[in-house]
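By convention here, the first residue in the shown sequence is residue 1. Computed from a predicted structure; not experimentally measured.
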Amino acid sequence: QVRLVESGGGLVQAGGSLRLSCVASGLTFRSYAMAWFRQTPGKEREFVSRISGSGGISGYSDAVKGRFTISRDNAKNTVSLQMDVLKPEATAAYYCAAGRTYQHVAAGRTDYWGQGTQVTVSS
């Protein structure tokens with residue numbers, strides 16, 4: 001059984017930082033591209049960032065480029081999202097997801113999802 005478990009969310013003031021982590025189990029982690037999405041009530045889920053299985057390729061949405069950094073540790077089955085200079089509009093539930101290839105994830109084709117972790121940025 002595949003599980004993705006996010007952690008690290010919380011309340012932070014605008015301009016602050018948070019680091020999200022997602023630990024995966026039940027899959028060959030290094031074989032999967034990973035991604036972070038976020039969602040606020042009443043809105044569609046929004047892509048934030050993705051990273052290839054090796055960690056050699058990554059991508060970001062325009063909204064977070066230059067402020068968020070995705071990374072992974074395949075020895076620990078963990079993908080992380082370092083979020084700096086947070087803005088109130090970053091308030092959302094953040095989800096990690098796994099996809100079979102980087103191209104699949106880029107096309108929105110993901111196979112597994114975590115339960116999410118809430119990030120709240122106060123102004």
Side-chain angles (χ1 to χ4, degrees):
Q1 180 183 2
V2 175
R3 291 190 69 203
L4 304 178
V5 181
E6 302 96 335
S7 63
L11 173 64
V12 63
Q13 288 189 331
S17 299
L18 279 176
R19 185 176 181 86
L20 305 183
S21 294
C22 171
V23 179
S25 60
L27 75 171
T28 304
F29 184 68
R30 65 181 181 276
S31 296
Y32 283 81
M34 299 297 294
W36 287 94
F37 293 79
R38 63 188 182 188
Q39 188 171 24
T40 54
K43 293 188 177 181
E44 290 194 1
R45 197 167 288 182
E46 174 192 12
F47 162 75
V48 176
S49 182
R50 57 181 168 254
I51 189 167
S52 63
S54 68
I57 305 172
S58 60
Y60 301 89
S61 69
D62 289 341
V64 308
K65 196 175 296 182
R67 298 184 296 111
F68 288 16
T69 304
I70 192 170
S71 61
R72 65 189 296 159
D73 184 341
N74 286 346
K76 296 182 179 179
N77 284 12
T78 300
V79 60
S80 299
L81 185 69
Q82 176 67 39
M83 306 186 295
D84 297 319
V85 195
L86 281 161
K87 302 177 181 180
E89 50 264 41
T91 295
Y94 282 72
Y95 300 87
C96 72
R100 202 60 187 91
T101 69
Y102 187 78
Q103 289 73 21
H104 282 179
V105 170
R109 293 162 56 188
T110 51
D111 298 310
Y112 305 106
W113 289 88
Q115 293 299 306
T117 185
Q118 179 67 35
V119 171
T120 303
V121 184
S122 63
S123 57

Closest non-hydrogen atom pair, [X] against [Y]:
X: Y60; Y: F68; result: CE2-O, 3.2 Å
X: S80; Y: R19; result: CB-NH2, 3.6 Å
X: L4; Y: A24; result: CD2-CB, 3.4 Å
X: V119; Y: G9; result: CG2-CA, 4.1 Å
X: K43; Y: Q39; result: O-NE2, 3.0 Å
X: V105; Y: G99; result: CG2-CA, 3.6 Å

Donor-acceptor contact present, side-chain [X] to main-chain [Y], <3.5 Å:
X: S49; Y: G59; value: yes
X: S52; Y: I57; value: yes
X: T91; Y: V121; value: yes
X: T101; Y: H104; value: yes
X: S54; Y: G56; value: yes

Tell me the side-chain hydrogen bond (donor to acceptor under 3.5 Å, both in side chains) pairs involving residues 63-73, sequence neighbours left out? D62-K65, R72-N74
Hey, does [Y] have a side-chain heavy atom less than 4.5 Å from the side chain of [X]?
X: M83; Y: Y94; answer: yes
X: L81; Y: V48; answer: yes
X: V64; Y: R38; answer: yes
X: Q115; Y: V5; answer: no
X: L18; Y: L86; answer: yes

Would R30 count as a cation-pi partner of Y32, with NZ or CZ less than 6.0 Å from the six-membered ring centre and within 45° of the ring normal? no
Relative to Y102, does R50 satisfy both conditions: NZ or CZ under 6.0 angstrom from the six-membered ring centre, and within 45 degrees of the ring's axis? yes
For side chain to side chain contact (heavy atoms under 4.5 Å, CB included), just list the numbers for Q82 and S17, CA-CA rounded to whole Å, side-chain angles, deciding distance to a tenth of an Å, and then say yes or no. CA-CA 7 Å; Q82 176 67 39; S17 299; 3.9 Å; yes
Scan for disulfide bond (SG atoms under 2.5 Å apart) pairs involving residues 67-123, sequence neighbours excluded, and state none if there are none. C22-C96
Qualifying residue for side-chain contact (heavy atoms from CB on, under 4.5 Å) with F29, from V79, T78, V23: V79
Between Q13 and S123, does the side chain to side chain contact (heavy atoms under 4.5 Å, CB included) criterion hold? Intermediate values first, please. CA-CA 6 Å; Q13 288 189 331; S123 57; over 6 Å; no
Are the aromatic rings of F37 and W113 close, with centres under 6.0 Å apart? yes
Mind checking the OH-CE spacing from Y112 to M34? Nearest 0.5 Å is all I need. 11.5 Å
